[in-house]
Protein chains: 4
Amino acid sequence: MSPRSSAQFEEMREEKKALIMNTALEHFSDYGFHATTISHIAKHAGISKGLMYNYFKSKEELLAAIINRSLDEIYRSFNPDRDSTLTPDEFENFIRRIFAIFRENRQFWKLIYRVMLQRGVYEHLSDDPDATFTVGGIPLMEYSAYMAKLMSDYFIRKKETEGPDFDPVTEMLMFSNTLKGFALTYIFAPGQYPDEYFEKMVETLIRKYR
Amino acid sequence: MSPRSSAQFEEMREEKKALIMNTALEHFSDYGFHATTISHIAKHAGISKGLMYNYFKSKEELLAAIINRSLDEIYRSFNPDRDSTLTPDEFENFIRRIFAIFRENRQFWKLIYRVMLQRGVYEHLSDDPDATFTVGGIPLMEYSAYMAKLMSDYFIRKKETEGPDFDPVTEMLMFSNTLKGFALTYIFAPGQYPDEYFEKMVETLIRKYR
Amino acid sequence: MSPRSSAQFEEMREEKKALIMNTALEHFSDYGFHATTISHIAKHAGISKGLMYNYFKSKEELLAAIINRSLDEIYRSFNPDRDSTLTPDEFENFIRRIFAIFRENRQFWKLIYRVMLQRGVYEHLSDDPDATFTVGGIPLMEYSAYMAKLMSDYFIRKKETEGPDFDPVTEMLMFSNTLKGFALTYIFAPGQYPDEYFEKMVETLIRKYR
Amino acid sequence: MSPRSSAQFEEMREEKKALIMNTALEHFSDYGFHATTISHIAKHAGISKGLMYNYFKSKEELLAAIINRSLDEIYRSFNPDRDSTLTPDEFENFIRRIFAIFRENRQFWKLIYRVMLQRGVYEHLSDDPDATFTVGGIPLMEYSAYMAKLMSDYFIRKKETEGPDFDPVTEMLMFSNTLKGFALTYIFAPGQYPDEYFEKMVETLIRKYR
DNA sequence: GATGAATGAGTATTCATTCAT
DNA sequence: CATGAATGAATACTCATTCAT
């Protein structure tokens with residue numbers, strides 16, 4: 001009986017961890033953080049309650065881990081050209097990617113909307129230095145600011161082609177609000193968006209704001 | 001010496017009830033339903049825990065009472081012309097009223113967003129026949145459907161003046177998503193909307209969708 | 001406005017007191033002591049909760065007052081010839097009176113069976129010197145002992161006429177157990193005793209034990 | 001090191017469960033259901049309050065479990081010859097077994113008398129389909145009816161040998177009331193029944209009603 | 001690593017009792 | 001005398017977390 005290599009152990013650990021996180025994501029996003037119990041997660045993941053604490057220090061840390069993992073996934077699938085400005089084609093692509101991400105990670109977005117809107121959960125997480133969210137290694141706040149700047153610059157540059165009546169700030173707010181509103185509806189009531197209208201929303205946003 | 005008159009008692013009751021509801025609204029909307037404890041509400045209202053139960057049968061009923069009270073307030077301030085179609089002027093007025101309501105009842109909208117996004121709370125309330133929400137006496141669901149129809153008809157009629165390229169469904173979705181997205185941001189991060197941009201959003205929405 | 005005479009006041013007090021006690025007896029005997037709330041009693045009696053405390057120091061004292069009142073009623077209706085021995089006719093009459101009392105005070109007997117069987121209630125009452133039960137001014141314990149002696153003597157004397165095989169202690173136990181068992185059933189499931197069998201029980205007991 | 005086997009866990013569970021049930025039986029039967037608190041049970045069993053809920057869903061379920069366990073114990077020790085009629089010998093044996101059961105399960109009978117006499121507890125239990133009592137798998141009501149029929153038939157058959165003056169219904173009532181009355185006294189005041197009189201009661205009942 | 005029994009602080013809720021009017 | 005708003009201690013029950021095995 002040769003002992004398993006540490007790589008094998010590591011792999012097993014990662015698998016278990018992923019199992020727990022996936023199960024927890026489902027429950028947190030469907031029932032909310034408070035209404036989800038560790039017992040439920042454990043039962044649905046087919047493990048014991050105690051085992052969870054082998055992988056995560058607390059319920060809060062489990063949540064933070066889930067959020068960070070998804071942020072990274074999104075970041076990787078996004079992969080914007082940092083340190084540069086957005087061309088109209090890149091902007092169009094950006095919109096398409098955003099919508100694709102909504103579609104592919106609906107569970108996660110549900111979690112974000114539910115959890116981020118809950119002072120008490122979010123703030124508790126924010127207080128804990130170990131629980132700061134990062135996107136591709138960058139603190140979420142910083143990353144968000146960067147993305148906002150990218151957007152903002154794009155709309156400011158647009159003013160040059162659209163003329164003096166074009167108010168870049170208002171336009172950007174219109175754009176981002178539409179996006180947020182769509183996300184909200186699509187995530188919580190996807191039935192309202194059959195594929196046809198989903199696509200139309202994408203094309204309309206591109207037509208109006210590119 | 002002489003005992004309080006029943007009118008005096010009634011007045012005391014109404015005042016206390018309002019105090020409890022206001023305190024609870026603040027807590028529910030800031031921390032969410034589950035994270036808010038009766039103890040916290042009582043402490044902040046300066047009353048004993050038990051007293052709350054003299055006025056509300058349960059935490060759930062307290063929440064329902066708060067929601068219904070605000071729905072009625074909104075309804076009264078809204079006072080739409082039922083059973084009619086919307087003229088462009090009325091539509092414009094509708095938008096202005098909506099934004100005014102966002103501004104005046106921010107705390108309540110926070111509650112709505114938080115609670116509605118928490119499966120388990122909302123559904124529990126819906127199960128309880130005593131807890132059905134009403135707007136001016138009309139069940140909320142019915143009222144919502146009516147408002148949606150009013151909107152929908154407006155956009156369909158717009159097609160006549162806007163020409164064949166105008167897709168009423170997509171336009172309405174764009175409009176309502178922008179509204180939702182704005183509400184979300186304004187409610188949870190009002191700092192992003194100084195008065196200047198708040199007004200600009202109103203005017204832009206009117207200009208684009210009227 | 002001449003003030004009411006103190007006799008009038010006293011009469012009013014007594015009426016209110018009786019109202020409260022009657023209402024409470026009904027509730028205590030039907031639902032038990034713990035399950036009955038002061039609020040329920042007050043509501044059913046049509047008075048305020050506070051008023052009860054004008055007449056009785058506590059819930060326990062209210063119970064004790066009810067029990068004592070009924071004990072006295074029973075005593076008066078009983079009126080046995082103290083300080084004497086029982087003749088067979090008196091014994092027969094005693095049986096008839098007992099059954100009549102069961103019939104007339106069923107509510108009270110229900111209370112007795114429920115409360116007396118509840119250590120915690122009864123013992124609490126016994127601890128309180130003000131709450132000792134009395135029958136016609138005599139402490140209940142003393143009165144019970146006296147009655148037991150009367151019975152006992154009766155059965156002992158019976159031995160003389162019944163012969164040496166007659167065991168007075170066993171006979172008395174048989175007799176008193178039958179009485180208790182009948183009371184228990186009659187009080188909690190009176191439907192099992194239509195008038196016909198009620199009478200037959202009386203006659204049979206007399207025939208067998210007189 | 002190695003985790004406990006599931007058999008080990010099962011054994012631990014059964015032991016703890018029995019400990020809790022025994023402790024609770026003692027408290028319920030001595031103080032009544034309402035007056036007994038989970039805290040008291042836990043303290044006397046030497047466990048935490050929470051642990052009880054690992055084994056029983058509620059206080060009511062705990063009570064139901066205790067009652068059912070005892071009913072089964074009694075049933076097994078009883079083992080009457082179902083589907084047959086009672087011979088005098090069997091009837092005599094039946095009486096002896098009943099008395100033996102009173103003696104062996106006094107705590108349980110105390111519970112039965114207290115709980116059954118507490119409207120609100122018993123009825124609550126009856127409402128809950130999961131809490132229906134069963135005796136050897138047979139619903140209690142059905143079992144009771146069967147036993148009553150067995151008795152009834154016995155007394156009816158007795159009429160043939162006892163002559164026309166024998167009233168089977170009255171005789172059966174006398175018999176069952178004596179039994180109930182004895183049980184009541186023996187259970188709540190066993191001091192009144194030294195072994196000598198206990199035995200005499202048995203023999204007398206047999207002599208009189210066999 | 002894995003288990004689940006055990007803990008205890010916390011939660012909603014009830015209710016006898018008090019007291020200002 | 002009468003009221004009912006107000007209190008607070010007590011109760012059943014929950015659940016994140018710990019720990020012996």
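Side chains are part of it too, since the values below use all heavy atoms of this structure and drop only hydrogens, waters and symmetry mates. Below, chains carry the letters A, B, ... as their sequence lines are ordered, and counting in each starts from 1.
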Indicate the atoms forming the closest heavy-atom contact of [X] with [Y], along with that distance.
| X | Y | value |
| --- | --- | --- |
| Ala65(D) | Met21(D) | O-CE, 3.3 Å |
| Ala35(D) | His34(C) | CB-CE1, 3.5 Å |
| Tyr55(D) | Ile20(D) | CD1-CD1, 3.8 Å |
| Glu61(C) | Phe56(C) | OE1-CA, 3.7 Å |

Once you round it to whole Å, what is the distance between [atom2] of [N] and [atom1] of [X]?
| X | N | atom1 | atom2 | answer |
| --- | --- | --- | --- | --- |
| Glu11(D) | dA5(E) | CD | P | 13 Å |
| Lys17(B) | dG4(F) | NZ | C1' | 15 Å |
| Ile41(B) | dG10(E) | CD1 | C1' | 16 Å |
| Phe9(B) | dG4(F) | CZ | C1' | 5 Å |
| Glu14(B) | dA5(F) | CD | P | 11 Å |
| Ile20(B) | dA5(F) | CD1 | C1' | 11 Å |
| Met12(B) | dT21(E) | CE | P | 9 Å |
| Lys43(B) | dG8(F) | NZ | C1' | 14 Å |

Open item on the list: Are more than 12 heavy atoms, taken from residues, nucleotides or ligands other than Glu11(A), located less than 6.0 Å from that residue's CD atom?
Closed with: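 No, because the 6.0 Å sphere around CD of Glu11(A) holds 12 heavy atoms or fewer from other groups.
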Task: Any Arg13(D) side-chain nitrogen or oxygen under 4.0 Å from OP1 or OP2 of dG4(E) - done: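 No, outside the criterion.
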Open item on the list: Glu26(D): which residues meet the side-chain hydrogen bond (donor to acceptor under 3.5 Å, both in side chains) condition with it, sequence neighbours left out?
Closed with: none
TODO: Name the residue closer to the 5' end of DNA chain F, choosing between Tyr55(C) and His40(D) according to the nucleotide with the nearest heavy atom.
DONE: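 The answer here is Tyr55(C).
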Open item on the list: I'd like to know if the side chain of His27(C) pairs up with that of His40(C) as donor and acceptor (distance under 3.5 Å, no hydrogens or angles considered).
Closed with: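 His27(C) vs His40(C): no donor-acceptor pair found between side chains.
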Task: Nucleotide-level pairing of DNA chain E, given in dot-bracket where Watson-Crick and G-U pairs need both distances under 3.5 Å and | marks other strands - done: .||||||||||||||||||||
Task: Intermediate values then yes/no, side chain to side chain contact (heavy atoms under 4.5 Å, CB included), Ile41(A) and Phe28(A) - done: CA-CA 9 Å; Ile41(A) 296 173; Phe28(A) 284 153; 4.1 Å; yes
Open item on the list: Between the base of dA5(E) and the side chain of Asn54(D), is one N or O donor paired with an acceptor at under 3.5 angstrom?
Closed with: no
Open item on the list: Pick the closest DNA chain E nucleotide for Lys16(A) and for Ile47(D) by heavy atoms, then say which residue is nearer the 5' end.
Closed with: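 Going by which nucleotide is closer to the 5' end, it is Lys16(A).
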Open item on the list: I'd like to check Leu71(B) versus Thr134(B) (side-chain heavy atoms, cut-off strictly below 4.5 Å). Are they in contact?
Closed with: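 SC-SC contact between Leu71(B) and Thr134(B) ruled out.
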- [ ] Do nucleotides 13-20 of chain E as a string where each nucleotide becomes B, S or -: B if the base has a protein heavy atom under 4.0 Å, S if just the sugar-phosphate does, - if no protein is that close.
- [x] BBSSBB--
